[in-house]
J.: 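Quick one: this structure, given as structure tokens, is what I'll be asking you about.
Quick caveat, the model's predicted, so the values are computed rather than measured.
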Amino acid sequence: MRFMTTSDKPDNASETPAEPSVERTGVAAQDWTTASADPQYRAAVVDLLGALAYGELAAFERLAEDAKLAPTLADKAELSKMASAEFHHYEKLRDRLAEIGEEPTLAMEPFVAALDGFHRQTAPSDWLEGLVKAYVGDSIASDFYREVAARLDADSRELVLAVLDDTGHAGFAVEKVRAAIDADPRVGGRLALWARRLMGEALSQSQRVVADRDALSTMLVGGVADGFDLAEVGRMFSRITEAHTKRMAALGLAA
């Protein structure tokens, strides 16, 4: 789950939607010590950090594997650098879980099967599909976590937003995919179909993960602190879909 900083953005696209405009009230205006007195809220945040931590660890592994498919040494070095950044994000989440008295591996364990299953179902067949997967699939997850972060206590929100910082993969992917399409326009059709598949799989996977974790689902639909109501959940997924459309345009692909 890795995403673009301002300096990485292509001039013609906004890759992630802005953090939702939310007045800081209730839990969102509290620090962790105060907010975590609610055991259900604490459980929801532990789940969120566990899911993010395993996502970052999986991203590290995937980028290291993708580096093996890189067509040039420069590309291999660039992806290896991004993989290292992902591992540092994982370390921040691991350390935070330990700091609040949670065992990191236990917090991650509930999400291993689902995320590993997603990656098995969406294994790229070549270098370009790997770039599109990281750019599109990971960015959808980033959008989701940014939406949730707006409702977290100040300490948790700061950490989540920090680990969602882009490692440089977004701008790198756009440059390489656009160049490939310019060289062979037929590539565009294949990658557009691939990106649409990724969109469907990523949204389905996120919904399944949340549905399986009571504390997380309660946070999203209301009932824990300043959670979303059902109508807001619908608007959230609309914003995520809109951001995906903009990413596709940045790649030169039809959504």
J.: Are F118 and F144 connected in a single hydrophobic cluster, I mean Ile/Leu/Val/Met/Phe/Trp/Tyr linked by side-chain heavy atoms less than 4.5 Å apart?
T.: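 No: no chain of side-chain contacts under 4.5 Å links F144 to F118.
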J.: Less than 4.5 Å apart, any side-chain heavy atom of L253 and any of R196?
T.: no
J.: Could you check whether atom CD of E103 has more than 12 heavy atoms from other residues, nucleotides or ligands sitting under 6.0 Å from it?
T.: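 Counting other residues, nucleotides and ligands, CD of E103 exceeds 12 neighbours.
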J.: So, does S139 use its side chain to make a donor-acceptor pair with the main chain of S142 at under 3.5 Å?
T.: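 Checking the backbone N and O of S142 against the side chain of S139, no donor-acceptor pair under 3.5 Å is found.
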J.: Could you go through D143 and R247, starting from their C-alpha distance and side-chain angles, then the distance that decides it, and tell me whether this counts as salt bridge (Lys or Arg N to Asp or Glu O under 4.0 Å)?
T.: CA-CA 12 Å; D143 292 347; R247 283 189 202 97; 2.6 Å; yes
J.: Taking R178 for the side chain and A250 for the main chain, is one N or O donor matched with an acceptor at less than 3.5 Å?
T.: yes
J.: Show which side-chain atoms of residues 91-100 pair as donor or acceptor with protein atoms under 3.5 Å away, not counting sequence neighbours.
T.:
residue : atom : partner : partner atom : Å
E91     : OE1  : H88     : ND1          : 3.0
R96     : NH1  : E99     : OE2          : 3.2

J.: Take V177 and I181 through the test side-chain contact (heavy atoms from CB on, under 4.5 Å) and record every step on the way to the result.
T.: CA-CA 6 Å; V177 171; I181 294 172; 3.9 Å; yes
J.: Would you say T34's side chain and Q30's backbone share a donor-acceptor pair under 3.5 angstrom?
T.: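 No, because the side chain of T34 does not come within donor-acceptor range (under 3.5 Å) of the backbone of Q30.
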J.: Is the shortest side-chain N to carboxylate O distance from R62 to E65 below 4.0 Å?
T.: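 Salt bridge between R62 and E65, a charged N being under 4.0 Å from a carboxylate O: no.
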J.: Is the shortest heavy-atom distance from the side chain of K176 to the side chain of F172 under 4.5 Å?
T.: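 Yes; the side chains approach each other to less than 4.5 Å.
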J.: Taking C-beta and beyond as the side chain, do W194 and V136 meet within less than 4.5 Å on heavy atoms?
T.: no
J.: Quick one: are R190 and D126 in side-chain contact, heavy atoms under 4.5 Å?
T.: yes
J.: I'd like to check the ring pair (Phe, Tyr, Trp, His ring centres under 6.0 Å) partners of Y90; sequence neighbours left out, ordered by chain and number.
T.: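 Partners of Y90 by the ring pair (Phe, Tyr, Trp, His ring centres under 6.0 Å) criterion, ordered by chain and then number, come out as F87.
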J.: For P110, check side-chain contact (heavy atoms from CB on, under 4.5 Å) against everything at least two apart and list the hits.
T.: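 Checked P110 against side-chain contact (heavy atoms from CB on, under 4.5 Å); matches are R213.
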J.: According to side-chain hydrogen bond (donor to acceptor under 3.5 Å, both in side chains), who are the partners of S125, at least two apart in sequence or on a separate chain?
T.: E129
J.: Is there a donor-acceptor pair under 3.5 Å between the side chain of R157 and the backbone N or O of L152?
T.: yes
J.: Do Y41 and Y145 sit in one hydrophobic cluster, given that two such residues count as connected whenever their side-chain heavy atoms are within less than 4.5 Å of each other, even indirectly?
T.: yes
J.: Tell me, do M108 and E56 make a side-chain contact under 4.5 Å, heavy atoms counted?
T.: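 M108 does not reach E56 side chain to side chain.
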J.: Answer yes or no: is there a side-chain heavy-atom contact under 4.5 Å between D66 and L131?
T.: no
J.: Within the side chain of D155, is there an N or O that forms a donor-acceptor pair under 3.5 Å with the backbone of W32?
T.: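 Flag set: sc D155 to bb W32 pair under 3.5 Å.
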J.: Nearest heavy-atom pair of H244 and A195: which atoms, and what distance?
T.: CE1-O, 4.1 Å
J.: With a 4.5 Å cut-off on side-chain heavy atoms, are D153 and T33 touching?
T.: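 Answer no - side chains too far apart.
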J.: To the nearest 0.5 Å, tell me how far L52 CG sits from L57 CG.
T.: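 Result: 12.5 Å between the selected atoms.
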J.: Walk me through whether D116 and R120 qualify under side-chain contact (heavy atoms from CB on, under 4.5 Å).
T.: CA-CA 6 Å; D116 284 357; R120 281 194 302 270; 3.8 Å; yes
J.: Show which side-chain atoms of residues 76-83 pair as donor or acceptor with protein atoms under 3.5 Å away, not counting sequence neighbours.
T.:
residue : atom : partner : partner atom : Å
K76     : NZ   : A67     : O            : 3.1
S80     : OG   : K76     : O            : 2.9

J.: By side-chain hydrogen bond (donor to acceptor under 3.5 Å, both in side chains), which residues pair with E242, not counting sequence neighbours?
T.: none
J.: On a heavy-atom basis, which atom in A173 and which in Y135 lie closest, and how many Å separate them?
T.: CB-CB, 3.9 Å
J.: Any chain of hydrophobic side-chain contacts (each under 4.5 Å) joining L115 to V112?
T.: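 Shared cluster, yes.
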J.: When you look at L161 and R146, which way does the side-chain contact (heavy atoms from CB on, under 4.5 Å) test go after all the steps?
T.: CA-CA 7 Å; L161 293 178; R146 286 178 187 276; 4.0 Å; yes
J.: Is the closest basic N to carboxylate O distance between D138 and K133 below 4.0 Å?
T.: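 Between K133 and D138 there is no salt bridge, as every charged N stays at least 4.0 Å from the carboxylate O atoms.
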J.: Answer whether the closest heavy-atom distance between the side chains of Y54 and E109 falls below 4.5 Å.
T.: no
